[in-house]
Number of protein chains: 2
Amino acid sequence: MAGTKRKPADKGAARKSLYNKVAHDLGQRIVRGDYKPGALLPNEAECGQFYKVSRTAVREAVKMLSAKGLIQSRPKIGSRVEPRNAWNLLDRDVLSWYCTTVDFQRFANDVQQIRMMIEPEAAALAALHRTAGQFVEIEAAYQAMAEAVGDEAAWNAADVRFHLAVLNASGNEFIPPFGRVIESLLANLFSVTVAHLRNRMKVLPLHLAILEAIRTKKPDRARDAVRKLLQTTQKTIDEGGKLNSAGKPRARKAGAKTKR
Amino acid sequence: MAGTKRKPADKGAARKSLYNKVAHDLGQRIVRGDYKPGALLPNEAECGQFYKVSRTAVREAVKMLSAKGLIQSRPKIGSRVEPRNAWNLLDRDVLSWYCTTVDFQRFANDVQQIRMMIEPEAAALAALHRTAGQFVEIEAAYQAMAEAVGDEAAWNAADVRFHLAVLNASGNEFIPPFGRVIESLLANLFSVTVAHLRNRMKVLPLHLAILEAIRTKKPDRARDAVRKLLQTTQKTIDEGGKLNSAGKPRARKAGAKTKR
DNA sequence: GAAAACTCATTTGTCTGATGATTGAACTGC
DNA sequence: GCAGTTCAATCATCAGACAAATGAGTTTTC
């Protein structure tokens with residue numbers, strides 16, 4: 001382990017607490033592949049020395065990473081990186097680290113595949129089981145989209161809100177966790193494609209169709225409406241891909257929030 | 001918060017480290033609803049006093065729970081329980097806590113719904129994209145099932161292994177995380193239904209059909225084969241439900257491993 | 001010579017006690 | 001009545017110590 005030279009990297013950011021910074025940096029290194037599954041992290045004392053923090057802070061970071069399935073610690077052994085399929089890839093943080101390291105086209109394709117599996121059915125379920133309150137939230141999200149057609153950031157937030165609201169209304173608690181993936185995709189789509197006003201005008205009625213199908217409790221119609229919307233999104237991705245395929249590095253920062 | 005009387009509960013178990021025990025107990029309480037979303041946990045000092053451990057151990061537990069999305073801690077405020085849709089329900093621990101608190105029929109229905117969305121498509125993708133190594137693992141799992149027809153525990157392990165192998169072979173990294181839900185269902189199904197030998201003889205060829213479809217790279221056939229298998233599983237669940245509907249409490253212990 | 005028992009060093013696990021940072025709420029002054 | 005200030009509660013961080021677990025090397029035993 002003597003030759004393990006790690007550079008400070010971008011561990012700065014606006015992260016508040018030390019253990020958060022350490023967890024973020026270590027997590028990113030792991031997901032990025034600096035430490036591959038099966039490899040050992042430096043021991044807690046070394047890490048503390050490297051990050052210039054106490055062992056306590058390192059330990060809290062390590063505990064967080066182990067809670068996300070990235071590592072496992074044992075006395076005398078150390079912290080070993082877990083195999084990828086043990087990772088909680090749907091965790092907010094892990095996901096954000098993941099999509100800074102993966103080729104955007106691949107990321108977008110995988111996400112779209114899974115959206116195609118889940119979202120149409122989720123909408124159908126929502127049409128069947130939604131409560132009044134859940135529908136109100138969907139409606140409010142749609143309203144927010146309609147009002148934000150001219151404001152890119154606000155529109156995107158409302159878009160995410162809409163999709164999450166539909167997932168929530170499905171009544172199946174295992175569905176909303178997927179929302180984070182959608183959220184992540186849309187956030188990155190935002191920065192990759194030139195989101196035309198024209199495009200927004202085109203997809204708004206598609207969202208309305210979903211809302212209407214859920215309002216009138218027509219599962220089949222809801223399913224179809226979502227499928228149609230997803231096809232449009234796919235086109236947007238493909239165009240963006242073509243635009244960006246001119247040798248640009250496509251890995252995008254994900255958690256870049258400017259507000260707050 | 002003065003009236004918050006918490007009893008020691010079953011925090012015992014065979015959990016090794018203190019912070020693990022504390023995390024497990026607190027996590028279970030949160031998921032169970034003892035602390036509802038928006039509520040505050042007792043502060044770290046109080047928790048330490050209650051569990052008879054140092055503040056350090058409590059903090060590490062708290063960090064783990066916050067990494068799983070169950071709580072969020074801030075100075076001067078304390079640790080507040082997050083809304084349910086922030087929870088990493090697909091995390092192994094959270095899932096195990098969840099299914100000890102939820103009605104089994106509802107749990108099984110939700111899981112089957114999501115399996116119906118994902119597994120057929122995952123198998124189809126596996127038929128298209130699986131590598132040789134991934135297929136070998138599927139085959140090995142099938143072999144293990146065939147050899148374990150007489151051994152309930154071994155058969156169940158092999159069954160899970162088979163399904164996970166298929167998900168892995170899909171080539172889409174967002175799919176395997178669902179495996180944990182399947183795993184959890186099958187583990188609980190095991191304890192709820194009387195798993196007949198006859199039943200195992202019936203589903204074994206259904207698994208073979210999936211394997212064959214993936215071997216010969218026929219996505220449509222793979223999809224259909226999985227659908228057929230899932231319908232059979234559904235029947236098993238329904239029968240189990242009928243058996244257990246005679247007023248028995250249906251919440252099952254999940255992590256109840258006797259082996260090891 | 002091989003297997004079993006023992007020793008040892010390394011790493012995480014746990015505790016104690018103290019100080020810093022953050023922030024909601026109470027208080028004070030105009 | 002409002003703005004700014006002070007205060008207190010809680011988490012955040014640190015240092016230093018000792019305990020427990022365990023893989024690897026060493027010795028013992030047959």
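Letters A, B, ... are given to chains in the order of the sequence lines, protein chains preceding strands, and every chain is numbered from 1.
Nearest nucleotide to the Glu44(B) side chain, out of dA12(D), dT14(C), dT12(C): dA12(D). Closest to the side chain of Arg74(A), out of dG13(C), dT16(C), dG23(D), is dG23(D).
The aromatic rings of His207(A) and Phe162(A) lie perpendicular to each other, with more than 60° between the two planes, well past the 30° mark. Classification of the Phe107(A)-Tyr98(A) ring pair by plane angle, with boundaries at 30° and 60°, yields tilted.
Within the cation-pi definition used here (under 6.0 Å to the ring centroid, within 45° of the axis), Lys63(B) qualifies as a partner of Tyr19(A).
In summary, the side chains of Asn20(B) and His24(B) do not present any donor paired with an acceptor at a separation below 3.5 Å, with no hydrogens or angles considered. A donor and an acceptor atom, one from each side chain of Asn88(A) and Arg180(B), are located under 3.5 Å apart.
Atom P of nucleotide dC11(D) and atom CG of Leu18(A) are separated by 17 Å, given to the nearest angstrom. Atom pair Gln72(A):CD and dA21(D):C1' shows a separation of 14 Å (rounding to whole Å applied). What separates CD of Glu60(B) from C1' of dT14(C) is a distance of 8 Å, to the nearest Å. For the pair Asn43(A) CG and dG23(D) C1', the computed distance is 16 Å after rounding to whole Å. Counting to the nearest Å, the C1' atom of dT12(C) and the CG atom of Asn20(B) are 13 Å from each other.
In this structure, Val53(B) and Ser79(A) both approach DNA chain C, and ranking their closest nucleotides by distance from the 5' end singles out Ser79(A).
Taking 3.5 Å as the limit, the base of dG13(C) and the side chain of Arg55(A) contain a donor-acceptor pair of atoms between them.
OP1 or OP2 of dA12(D) lies within a sub-4.0 Å distance of a side-chain N or O belonging to Lys63(B). For Lys76(B), no side-chain nitrogen or oxygen approaches OP1 or OP2 of dA12(D) to under 4.0 Å. A sub-4.0 Å separation between OP1 or OP2 of dT14(C) and a side-chain N or O of Tyr19(B) is absent. Applying the 4.0 Å criterion to OP1 and OP2 of dT12(C), one finds that Arg59(A) has every side-chain N and O outside that range.
Counting only Watson-Crick and G-U wobble pairs whose two key distances fall under 3.5 Å, DNA chain D forms stems of three or more stacked pairs at C:1-30 with D:1-30.
Salt bridge present: Arg106(A) and Asp110(A) bring a charged side-chain N and a carboxylate O closer than 4.0 Å.
Within the nucleic acid shown, Ser17(B) comes within 4.0 Å of sugar-phosphate atoms alone, with no base atom in reach, counting heavy atoms only.
Residues Ser170(A) and Ile175(A) come closest through the heavy atom pair OG-CD1, 3.6 Å.
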